[in-house]
Amino acid sequence: MRNLYHARMEPVFVQSAPRPEGPEGDGVQVVLPADLAADRPPQAGAPRLDATSRIGLSRDGPFAPVADALDASGKLRDLFAEGLDLDVARRWRSLRFTVLFGLVPLGLLAEVDRELGGAGTPGAHARMIADVFVLFIAGIDVLRRTPRHPKTTALVFLACAARFALFVSKGCGSGHAITYAALLASAAAGIAMLAFAPSPAQVTAATLVRLAISDADVRATRIAVRPSTGLVASACAAGVALPLVLVFARWAGISTWVQTIVFAGFGALVPTAIELVFERRVYIPRIAWTRVLFATAMGLALTLGLSGVARNSIDASAQVTRCIDPAAFPTGAAKRLIDAQNQEVSRNVPRGDGRWPLLVMNVLLVPLVEERVYRGLVQRVLAARFGSTAGLAGAAILFGLAHLGVYRFAVYQTTLLGVSFGVAYAGGGLGAAAIVHAVWNLMLMLG
């Protein structure tokens, strides 16, 4: 093993002669430089990384081209950002101590819900568990050398701010000073994360610039076959057809059990048939359980953050209208929207003797089928054709529209849920998306 540079940080390994099978033993040790960080040239004759260099965290790999490895591994981004003393890393180090104060209101919310649970308030214990969970997730992300999911963490803080805003609006502005302080601290932390925290893409881009690797060089290593127009159209058609099949089955008076079989069969057969026709194979991604675990955790945090911002903001707005004009509040638009959404949720939560069979179906079968169609097929194909952001957004919109027959007033919420599930899929694959979807359905039905 030989050093690419002399430096002061943990080693990264680069594959000197990549082989498709068995990269073990091919690495040379690269230690990123104090010299390069200080804008001094590396030692004379020392080799340098380029876009085709394949790097990994251990001598045994796995190895991937520099840009791909940085996209996939947060630890690699941290090592490069610190070793190269990037501006984005320095900015984050100065910001994160301020953002840490935003964790205090999250802890206060957990205590409030604990006390409400002790007083017998329905759903308070579940909210307390959710508060502790997002506090843990946000705390980990803030304490990292560079954040993994800054937008998710920001939404967690903003959801907390919206909850305290709801407390203030319920009292028509007569909240305690601690409530106002918590509102301001959580809102400031959320805004700071959105505005100034470096995203993984920004850290990767800054690292590649310092290594003198251009975007053109990176694109040359990522040549891939784009999905055909027929595949894109068929995937979207499958997303549209899934709810229509159920609508037709209900209109025809087909029994619930037959509807379940049709629903399961659609999820098992239609995406597979489309992949076989257009891609000549069934897409089976490799499962990395560590990635699935972290993607599930971040997907749940994002789900709670997005739903919390939406729900609490609307509730707080409604309370403000009550304070301004109490007589008009019962017939106001905000009150009607809240009542309509609550009726939709209540109507679709199983009760009575049929509760447990429907609960099992909605927690096990529905997430698997919907995620196979909307993430495993639609999002994957759209992302490959139009880019990851467009793919995630397109699948989320189709997912939201597919629930119009069930949640007509809350369609914006189902679309936001589609975004959360899509983020989980992007980070951990179909398993992560299905788990997040299942946990959300379980919380909705038991809450």
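Not measured: the values here are computed from a predicted model.
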Task: Residues Glu82, Arg77: salt bridge by 4.0 Å N-O rule - done: no
Task: Main-chain N/O of Phe196 paired with Arg91 side-chain donor or acceptor, under 3.5 Å - done: yes
- [ ] Taking all non-hydrogen atoms of both residues into account, name the closest pair between Ala138 and Leu106 and its distance.
- [x] CB-CD1, 4.2 Å
Open item on the list: Do Ile274 and Phe278 have side chains that approach each other closer than 4.5 Å (heavy atoms only, starting at C-beta)?
Closed with: yes
Task: Heavy-atom side-chain contact between Pro105 and Phe157 under 4.5 Å - done: no
- [ ] State, with a plain yes or no, whether a side-chain heavy atom of Tyr425 is found less than 4.5 Å away from one of Arg380.
- [x] yes
Open item on the list: So that I know where these two stand, are Tyr374 and His437 an aromatic pair - ring centroids less than 6.0 Å apart?
Closed with: no
TODO: Would you please test Phe136 and Phe133 for ring pair (Phe, Tyr, Trp, His ring centres under 6.0 Å) and show each step?
DONE: CA-CA 5 Å; Phe136 177 73; Phe133 173 75; 7.6 Å; no
Task: salt bridge (charged side-chain N to carboxylate O under 4.0 Å, His left out) partners of residues 154-164, not counting sequence neighbours, each pair once - done: Asp113-Arg163
TODO: Answer yes or no: is there a side-chain heavy-atom contact under 4.5 Å between Val419 and Leu392?
DONE: yes
Task: Asp141 with Lys151: basic N within carboxylate O range, under 4.0 Å - done: no
Open item on the list: For Arg281, is there an ion pair with Glu275 - N to carboxylate O distance below 4.0 angstrom?
Closed with: no
TODO: Identify, with sequence neighbours excluded, every residue that meets side chain to side chain donor-acceptor pair (under 3.5 Å) alongside Arg96.
DONE: none
Task: Sidechain N-carboxylate O distance under 4.0 Å for Asp85, Arg90 - done: yes
- [ ] Using modelled atom types only, decide if a donor and an acceptor are shared between the side chain of Trp440 and the backbone of Leu417 within a distance under 3.5 Å.
- [x] no
Open item on the list: Main chain of Ile213, side chain of Asp217: is a donor-acceptor contact present, judged purely on distance under 3.5 Å?
Closed with: no
Task: 4.5 Å side-chain heavy-atom contact, Thr415 and His403 - done: no
Open item on the list: Are there over 12 heavy-atom neighbours, none belonging to Phe263, within less than 6.0 Å of that residue's CZ?
Closed with: yes
Task: Sidechain-backbone polar pair: Arg385 side chain, Val232 backbone, donor-acceptor under 3.5 Å - done: no
- [ ] Could you tell me whether the side chain of Ser53 reaches within less than 4.5 Å of the side chain of Asp50, counting heavy atoms only?
- [x] yes
Task: Leu304 side chain reached by Val156 side chain, heavy atoms, under 4.5 Å - done: no
TODO: Report yes or no: does Ser234 contribute a side-chain atom to a donor-acceptor pair with the main-chain N or O of Gly230 at less than 3.5 Å?
DONE: yes
